[in-house]
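Excluded from the calculations below are hydrogen atoms, water molecules and symmetry mates; all remaining heavy atoms, backbone and side chain alike, are included. As the structure is a prediction and not an experimental result, all values here were calculated from the model.
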Amino acid sequence: MQMKRNFILIPGLLLALTAIARQPNRGYRGFVDVSNDVHRTQWIESTTAYYSGLQTSHGYQFNPWLFAGAGIGVENCRKFDSYIIPVFVQGRVDLRLGKFTPFGDVRVGYNLSGGGGAYFSPHIGYRFNWGRKVGINVGAGLTLQGYTAAVYDVVISPEGYWTMNYIGDSNECNVYFSFRLGLDF
């Protein structure tokens, strides 16, 4: 039974992935993406942070290749109990080069978590047609996440004790390698 199901499922998936993607039409267009970000950090020791979550954006398709919209997302890093919560505007260009349908996407906005900061996320990828008005998008790029960090000064006394004195806040930026898998409708 398992073999028979795989025999039907695998050709169906290959057909769906190799189909010519129809260009989006003029009008409303929405996206739902599963996003994954990886960041290598160097504090006391080197460690890797993995963020994963959902993003959605909605807007207007002006012609078969130009989209503009706005969206929101949330991503969580369980290792550090940390979040990225971006609110952004999105611009996207869908190309059609024969059967090849690449896209370029940029999201610019504000990160609401970690004291707030800039959010910038350019991606390139490929759009697969899935049905009449739905596409599967696979993309890779970078995500720059701004945040506010507290800055402390460590003072060591002659007796060997140390104290930390709060100096103020500093605006910081993390750079992540980012991968998205999503649907457009």
Y28 vs F185 aromatic rings, parallel, tilted or perpendicular, using cut-offs 30° and 60°? tilted

In terms of hydrophobic clustering (I, L, V, M, F, W, Y; side-chain heavy atoms under 4.5 Å; direct or indirect links), are [X] and [Y] co-clustered?
X: I85; Y: L54; answer: no
X: V134; Y: L181; answer: yes
X: L97; Y: Y126; answer: yes
X: F103; Y: L66; answer: no
X: I167; Y: Y152; answer: no

With no hydrogens and no angle check, do the side chains of [X] and [Y] hold a donor and an acceptor under 3.5 Å apart?
X: Y50; Y: R78; result: no
X: Y176; Y: Q145; result: yes
X: R107; Y: T143; result: no
X: S52; Y: E75; result: no
X: K79; Y: T48; result: no
X: H123; Y: S178; result: yes
X: H39; Y: Y51; result: no

Pick from D105, D184, D33: which one makes a side-chain hydrogen bond (donor to acceptor under 3.5 Å, both in side chains) with N137? D184

With ring centroids as reference points, do F62 and Y60 lie under 6.0 angstrom apart? yes

Between F67 and F31, is the gap from one ring center to the other below 6.0 Å? yes

Taking the side chain as everything from C-beta on, heavy atoms only, tell me whether [X] gets closer than 4.5 Å to [Y].
X: S121; Y: R180; result: yes
X: F120; Y: V108; result: yes
X: N76; Y: V74; result: no
X: Y110; Y: P86; result: no
X: Y166; Y: V151; result: no

Under 4.0 Å between a Lys/Arg side-chain N and an Asp/Glu carboxylate O for D94 and R29? yes

Has the side chain of Q90 got a donor or acceptor atom that lies under 3.5 Å from a matching backbone atom of V106? no

Between Q61 (side chain only) and N63 (backbone N and O only), is there a donor and an acceptor less than 3.5 Å apart? yes

Quick one: pull up CZ in F88 and OG in S57 and give me the separation to the nearest 0.5 Å. 5.0 Å

Minimum heavy-atom distance Y83-S113, with the two atoms named: O-OG, 2.6 Å

